[in-house]
Amino acid sequence: MGVRRGGRWLLRPAAFGIAGGVTGLAGPPGTGKSTLLATFATLRRPQAGALRILGRDTGNCADLRAARARIGYLPGRFRWADNLTAAEFVAYAAYYKGMRGTAVRPALRRFDIADTAATELALLPPDVRLRAGLAATCVHEPELVLLDDPLGVASARRGVPARGSSSRRGGGAHARAGTDADAPYGDPAELADLADLAELMPLLHSLAPTVVITAPAPQLLTGWCDRLLALSRGRITDLPTRSHRPVPGAGVGEAPAPVDASRASWPEVLRDRVPRLPLRTGAGV
């Protein structure tokens, strides 16, 4: 499969698969993570090759509809829903997925936001806003969940433009002081929001049998994923889950390194507040 945008390859044609469990996809702003995730969500078509989701060929109309019914997709920031309450946002997602209205209340309770159901998303703190997004994404109990930079709501709520991309949709959601790619953390207020959001990371393994999550830097995903990938210059490579540095010679077809929940590269405020997560396996897709 290959994905192009604006005349350049975001993902050069390659054969690869994503197994069950949680897979992280990291890359700097503008590398195409959002576009690739939208392709996995069947909102875009690959420009080369074929894409199979949950055993379905997305080139076939019947298979495409069947695959979409089993996918939960949360785009980055989702600012278009700011004027909706949490309950309205989840209800809209339920209606779109053909679910009954009775599915809304259990989804709100599952993510512990029933008491804020009547509050507009724009007024919610970042971690509660993300819970509302997860409730909407999982209201139909999907088999595949795609999360586009969910930690980016910390910057989005403050109206901070993405570093290296002021208006491109594919950019990451974190503003940074400076240009060091290994320093994906913003001002103290944003860091505090990230700490609150990071406490939700253990939920990843409970969302669906297969979860794909993106972030602008591998450090934000280290320790949470069964497999960690990097997207750069149109190529996907495996990263060790215990470090943000690439494994020399590791390719997509090779077995990933075992999960290590150590987050030595995280700021102390994040390391101390977030519990460790055991390794989980899941069914492949």
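Here, residue 1 is the first one in the sequence, and each next residue gets the next number. Side-chain atoms are counted along with the backbone in the values below, which use heavy atoms only and exclude waters and symmetry mates.
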**Request:** Look up atom NZ in K33 and atom CG in L229, then write down how far apart they are to the nearest 0.5 Å.
**Result:** 13.0 Å

**Message:** In this structure, would F78 and L203 fall into the same cluster of hydrophobic residues linked by side-chain contacts under 4.5 Å?
**Reply:** yes

**Prompt:** Can you list every salt bridge (Lys or Arg N to Asp or Glu O under 4.0 Å) pair that touches residues 80-96, not counting sequence neighbours?
**Reply:** D82-R129

**Complete:** Between G72 and P142 the two heavy atoms that sit nearest each other are N-CB, 3.5 Å

**Asked** Mind checking whether L207 and F111 have side chains closer than 4.5 Å, heavy atoms only?
**Response** yes

**Request:** Give, for atom CG of L124 and atom CZ of F89, the distance between the pair rounded to the nearest 0.5 Å.
**Result:** 11.0 Å

**Request:** Sequence neighbours left out, what passes salt bridge (Lys or Arg N to Asp or Glu O under 4.0 Å) with R110? Give chain and number order.
**Result:** none

**Heavy-atom pair of closest approach, residues C225 and I213** = SG-CG2, 4.4 Å

**Asked** For R44 and T35, which heavy atoms make the closest approach, and how far apart are they?
**Response** NE-CG2, 3.2 Å

**Message:** As a quick check of understanding, evaluate side-chain contact (heavy atoms from CB on, under 4.5 Å) for V212 and V145, giving each step before the final call.
**Reply:** CA-CA 6 Å; V212 180; V145 165; over 6 Å; no

**Request:** Applying side chain to side chain contact (heavy atoms under 4.5 Å, CB included) between R227 and each of L239, L25, D238, report the one that passes.
**Result:** D238

**Asked** Is there side-chain contact between V22 and L221, with heavy atoms separated by less than 4.5 Å?
**Response** no

**Prompt:** What's the spacing between D149 CG and L37 CG if we round to 0.5 Å?
**Reply:** 10.5 Å

**Request:** Decide side chain to side chain donor-acceptor pair (under 3.5 Å) for D148 and T214; before the verdict, give the C-alpha distance in whole Å, the side-chain angles of both, and the deciding distance to 0.1 Å.
**Result:** CA-CA 5 Å; D148 188 7; T214 69; 3.0 Å; yes

Which side-chain N or O atoms in residues 61-71 pair as donor and acceptor under 3.5 Å with protein atoms at least two apart or in another chain?
{"from": "D63", "atom 1": "OD1", "to": "R56", "atom 2": "NH1", "distance (Å)": "3.3"}
{"from": "D63", "atom 1": "OD2", "to": "D57", "atom 2": "N", "distance (Å)": "3.3"}
{"from": "R68", "atom 1": "NE", "to": "T42", "atom 2": "OG1", "distance (Å)": "2.7"}
{"from": "R68", "atom 1": "NH2", "to": "T42", "atom 2": "O", "distance (Å)": "2.8"}
{"from": "R70", "atom 1": "NE", "to": "E143", "atom 2": "OE2", "distance (Å)": "2.9"}
{"from": "R70", "atom 1": "NH2", "to": "E143", "atom 2": "OE1", "distance (Å)": "3.0"}
{"from": "R70", "atom 1": "NH2", "to": "E143", "atom 2": "OE2", "distance (Å)": "3.4"}

**Complete:** Taking every heavy atom of L204 against every heavy atom of W224, the minimum-distance pair comes out as CD1-CB, 4.3 Å

**Message:** Could you go through V128 and T119, starting from their C-alpha distance and side-chain angles, then the distance that decides it, and tell me whether this counts as side-chain contact (heavy atoms from CB on, under 4.5 Å)?
**Reply:** CA-CA 10 Å; V128 181; T119 304; over 6 Å; no

**Request:** Working to the nearest 0.5 Å, report the span between OG1 of T39 and CZ of R45.
**Result:** 12.0 Å

**Request:** Group every Ile, Leu, Val, Met, Phe, Trp and Tyr by side-chain heavy-atom contacts under 4.5 Å, then state whether Y95 and V139 land in the same group.
**Result:** no

**Request:** Kindly compute the distance separating CG (L54) from OG1 (T58), expressed to the nearest 0.5 Å.
**Result:** 11.0 Å

**Asked** Distance from I236 atom CD1 to I18 atom CD1, nearest 0.5 Å?
**Response** 7.0 Å

**Exercise: identify the closest heavy-atom pair between A41 and Y73** = CB-CG, 3.8 Å

**Request:** Kindly indicate, with the supporting measurements, whether the criterion side-chain contact (heavy atoms from CB on, under 4.5 Å) is fulfilled by L144 and F40.
**Result:** CA-CA 10 Å; L144 170 64; F40 291 160; 5.6 Å; no

**Prompt:** Relative to the ring of Y92, is the ring of W80 parallel (under 30°), tilted (30 to 60°) or perpendicular (over 60°)?
**Reply:** perpendicular

**Prompt:** Minimum heavy-atom separation for A135 to V90, with atom names?
**Reply:** CB-CG2, 3.8 Å

**Request:** Apply side-chain contact (heavy atoms from CB on, under 4.5 Å) to the pair L130 and L74, showing each step before the final yes or no.
**Result:** CA-CA 10 Å; L130 179 56; L74 182 64; 4.0 Å; yes

